[in-house]
Undergrad: 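So that we are looking at the same thing, I have put the structure below in C-alpha cells.
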Amino acid sequence: MKNFNELENILDENESVKLTDSFSYSWADFGRQAGSYIGVCVIVFVGLLVLSVFPLASNILSPFIALGFASFVYNERVNKNVEFSNFFRPFQKFGPVILTYLLTAVAYIVACVPLIIFGGIAFFNELLDARTDPTNFNPIFTTALLMSGLVTFVLVLLVATFTYYATYFAYFYDVKPMEAIKLSIKMGTKNFGHLIMLFLFSGFIAVIGVLLCGVGLLVTIPLSHLIKYYTFEGLTKLEK
C-alpha cells in the first residue's frame, strides 16, 4: 500500500483521466452487476427513510454509502470478489473515515460563515424595518444577502472540490485524516477543471434519474458513484 509521500508524488505527476472513459467503465460495470447495485440502492432508500427522523444519523452514514459502491467495484476488479457484503466493508474503518468526514464538514461550516454573518445581519435588519411597515420585509432580495449567498456558493464549491476524495484516501490508503484531506486538496488543485466537470455530469444524470419518475435514480446513483471511483482509481493509480 502506498504511503503519504508516494501518493503525493503520484498526484504531482498529474496524470489525466478522461471523463468519457470513467463513464464507459462505470456503465459496463453497472451492466455486469446491475442487480447488486439496484439492490443496495433500495436498501439505502429504505434505510434513509427510516432514519429521516434522525438527520444526524443520515449524515453520518453518507460517506459510507459512497464508499460502499467504491468498495464493491474495487473488490470485483482487484480481488475478483463480488460478495454483496463488500458494500459494507467501509464500516470496518469507521473511525478514520468518520473523523475525515467530520473534518470536511467543519470546512463546509466555515465556508458558510459569510452567509451566516452578513446574510443574518441583513435578515435581522429587515425584521427591524418590518416592525413599522410589514410590507418592507423582503430579505431575499437584499444586496447583502445575495452577495453573501454568492460568496458562500463559491466557497462551498471550492470545499467540495478540494475535499471530494478525502474519505477515499482515508479508506483505500489508510492515511491519517489530515493527510487524507491534504491529498484530496492536492488532487483538487491538480484536477480542478476535471472535478468540476465531474460534478456537473453527476448532477446532470441525477436530474435524468429524477425525471424518469425517480426510478431512474436506481441507475443514475450507482453510475455517479462508479464514475467517482474510476476517476479516483485513474488519478491515484490505485493498485490492481
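Predicted model only: the values in this text are computed from it and were never measured.
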Undergrad: Please step through ring-ring contact (aromatic ring centres under 6.0 Å, His included) for the pair Phe87 and Phe84, ending with a clear verdict.
TA: CA-CA 6 Å; Phe87 282 109; Phe84 195 77; 5.2 Å; yes
Undergrad: Taking the hydrophobic residues Ile, Leu, Val, Met, Phe, Trp and Tyr, and joining any pair whose side-chain heavy atoms are under 4.5 Å apart, which ones share a cluster with Tyr108?
TA: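 Val156, Val159, all in the cluster of Tyr108.
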Undergrad: When rounded to the nearest 0.5 angstrom, what distance separates OG1 in Thr231 from CG in Asn191?
TA: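 Between Thr231 OG1 and Asn191 CG, I get 9.5 Å after rounding to 0.5 Å.
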Undergrad: Show the numbers, then the answer: is there a side-chain contact (heavy atoms from CB on, under 4.5 Å) between Leu61 and Phe91?
TA: CA-CA 9 Å; Leu61 286 177; Phe91 285 103; 3.8 Å; yes
Undergrad: Are the side chains of Ser36 and Val82 in touch, meaning some heavy atoms are under 4.5 Å apart?
TA: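 A side-chain contact is absent here, since even the closest heavy-atom pair is not under 4.5 Å.
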Undergrad: How about Leu218 and Tyr37: do any of their side-chain heavy atoms sit closer than 4.5 Å?
TA: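 A side-chain contact is absent here, since even the closest heavy-atom pair is not under 4.5 Å.
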Undergrad: Below 4.0 angstrom, N of the basic side chain to O of the carboxylate: do Asp29 and Arg77 qualify?
TA: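 Arg77 and Asp29: not salt-bridged.
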Undergrad: Looking only at atom types and distance, does a side-chain atom of Ser184 sit under 3.5 Å from a main-chain N or O of Phe162, one as donor and one as acceptor?
TA: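 Flag set: sc Ser184 to bb Phe162 pair under 3.5 Å.
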Undergrad: Under a single-linkage definition using a 4.5 Å side-chain heavy-atom cutoff for Ile, Leu, Val, Met, Phe, Trp and Tyr, are Phe153 and Val110 assigned to the same hydrophobic cluster?
TA: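 As far as the 4.5 Å side-chain criterion goes, Val110 and Phe153 are not connected within one cluster.
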Undergrad: Please tell me if the side chains of Glu233 and Tyr74 come closer than 4.5 Å, counting only heavy atoms from C-beta onward.
TA: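 With C-beta onward as the side chain, the pair stays apart.
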Undergrad: If you take all heavy atoms of Gly188 and Leu195, which pair is closest and at what distance?
TA: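 For Gly188 versus Leu195, the nearest heavy atoms are CA-CD1, 3.8 Å.
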Undergrad: Looking at Arg89, is its backbone amide N or carbonyl O close enough to the side chain of Ser71 to form a donor-acceptor pair, meaning the two atoms are under 3.5 Å apart?
TA: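 Here the side-chain-to-backbone pair does not exist.
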Undergrad: Would you check if Thr236 and Tyr173 make a side-chain contact, meaning some heavy-atom pair closer than 4.5 Å?
TA: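 Yes; the side chains approach each other to less than 4.5 Å.
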Undergrad: Could you give me the CA-CA distance, side-chain angles and deciding distance for Val17 and Ser22, then say whether side-chain contact (heavy atoms from CB on, under 4.5 Å) is met?
TA: CA-CA 8 Å; Val17 176; Ser22 296; 3.7 Å; yes
Undergrad: Kindly give the heavy-atom pair with the smallest separation between Pro114 and Thr152, and that separation in Å.
TA: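 Result for this residue pair: CB-OG1, 3.8 Å.
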Undergrad: Could you grab the distance from atom OG of Ser26 to atom NZ of Lys228, nearest 0.5 Å is fine?
TA: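 Reported to 0.5 Å precision, the distance equals 12.5 Å.
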Undergrad: To the nearest 0.5 angstrom, please state how far the CZ atom of Phe232 sits from the OH atom of Tyr168.
TA: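 One gets 8.0 Å once the value is rounded to the nearest 0.5 Å.
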Undergrad: Stepwise, does the ring-ring contact (aromatic ring centres under 6.0 Å, His included) test hold for Tyr230 with Phe23?
TA: CA-CA 8 Å; Tyr230 278 109; Phe23 176 78; over 10 Å; no
Undergrad: CG of Leu157 to CD1 of Ile196: how many Å apart, nearest 0.5 Å?
TA: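 Going from the CG atom of Leu157 to the CD1 atom of Ile196 covers 4.0 Å.
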Undergrad: Measuring only between side-chain heavy atoms, which start at C-beta, is Phe172 closer than 4.5 Å to Tyr229?
TA: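 Of all side-chain heavy-atom pairs linking Tyr229 with Phe172, at least one is under 4.5 Å.
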Undergrad: Please indicate whether Tyr25 has more than 12 foreign heavy atoms, meaning atoms of other residues, nucleotides or ligands, lying under 6.0 Å from its OH.
TA: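 Open: at most 12 neighbouring heavy atoms sit under 6.0 Å from OH of Tyr25.
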Undergrad: Would you compute the distance between atom CD1 of Ile185 and atom CG of Leu11 and round it to the nearest 0.5 angstrom?
TA: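 Reported value, rounded in 0.5 Å steps: 12.0 Å.
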Undergrad: May I ask whether Ile181 and Ile109 are part of the same hydrophobic cluster, defined by side-chain heavy atoms of I, L, V, M, F, W, Y residues being less than 4.5 angstrom apart, directly or through others?
TA: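 Cluster IDs for Ile181 and Ile109 differ.
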Undergrad: May I ask whether Val97 and Val106 are part of the same hydrophobic cluster, defined by side-chain heavy atoms of I, L, V, M, F, W, Y residues being less than 4.5 angstrom apart, directly or through others?
TA: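 Val97 does not cluster with Val106.
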Undergrad: Decide yes or no on side-chain contact (heavy atoms from CB on, under 4.5 Å) for Phe72 and Glu83, but give the supporting numbers first.
TA: CA-CA 8 Å; Phe72 185 85; Glu83 293 180 6; over 6 Å; no
Undergrad: Would you name the heavy atoms of Ile221 and Cys41 that are closest together and state the gap between them?
TA: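 Scanning both residues, the minimum pair turns out to be CG2-SG, 4.1 Å.
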Undergrad: In a check of side-chain hydrogen bond (donor to acceptor under 3.5 Å, both in side chains) between Lys93 and each of Asp174, Thr167, Thr100, which one passes?
TA: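 So the option named by the test is Asp174.
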Undergrad: Would you name the heavy atoms of Lys18 and His194 that are closest together and state the gap between them?
TA: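 Closest pair (atom of Lys18, atom of His194, distance): C-CE1, 4.1 Å.
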Undergrad: When rounded to the nearest 0.5 angstrom, what is the spacing between CG in Leu7 and CG in Leu235?
TA: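 Here the interatomic distance stands at 12.0 Å.
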Undergrad: Any non-hydrogen side-chain atom of Phe64 less than 4.5 Å from a side-chain atom of Tyr101?
TA: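 No, too far: nothing below the 4.5 Å cut-off.
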Undergrad: So does Asn81 get a backbone contact from the side chain of Asn79, meaning a donor-acceptor N/O pair under 3.5 Å?
TA: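 No, the answer is negative, given that no donor and acceptor are paired below the 3.5 Å cut-off.
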Undergrad: Which residues pass the side-chain contact (heavy atoms from CB on, under 4.5 Å) test with Phe204, not counting sequence neighbours?
TA: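 side-chain contact (heavy atoms from CB on, under 4.5 Å) check on Phe204 returns Ile208.
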Undergrad: Taking salt bridge (Lys or Arg N to Asp or Glu O under 4.0 Å) as the cut-off, I'd like each qualifying pair that reaches into residues 176-187, sequence neighbours left out, listed once.
TA: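 Counting only pairs at least two positions apart or across chains, the salt bridge (Lys or Arg N to Asp or Glu O under 4.0 Å) contacts touching residues 176-187 are Glu8-Lys186, Asp12-Lys186.
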Undergrad: Following the transitive rule for hydrophobic clusters with a side-chain heavy-atom cut-off under 4.5 Å over Ile, Leu, Val, Met, Phe, Trp and Tyr, establish whether Leu226 and Val42 coincide in one cluster.
TA: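 Yes.
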Undergrad: Within the structure provided, determine whether Val219 and Trp27 are in side-chain contact (heavy-atom separation under 4.5 Å).
TA: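 SC-SC contact between Val219 and Trp27 confirmed.
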Undergrad: Under 4.5 Å between any side-chain heavy atoms of Val175 and Leu183, yes or no?
TA: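 Contact flag for Val175/Leu183 side chains = yes.
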Undergrad: Give me the atom names and distance for the closest heavy-atom approach of Ala180 to Ala166.
TA: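 That would be CB-O, 3.3 Å.
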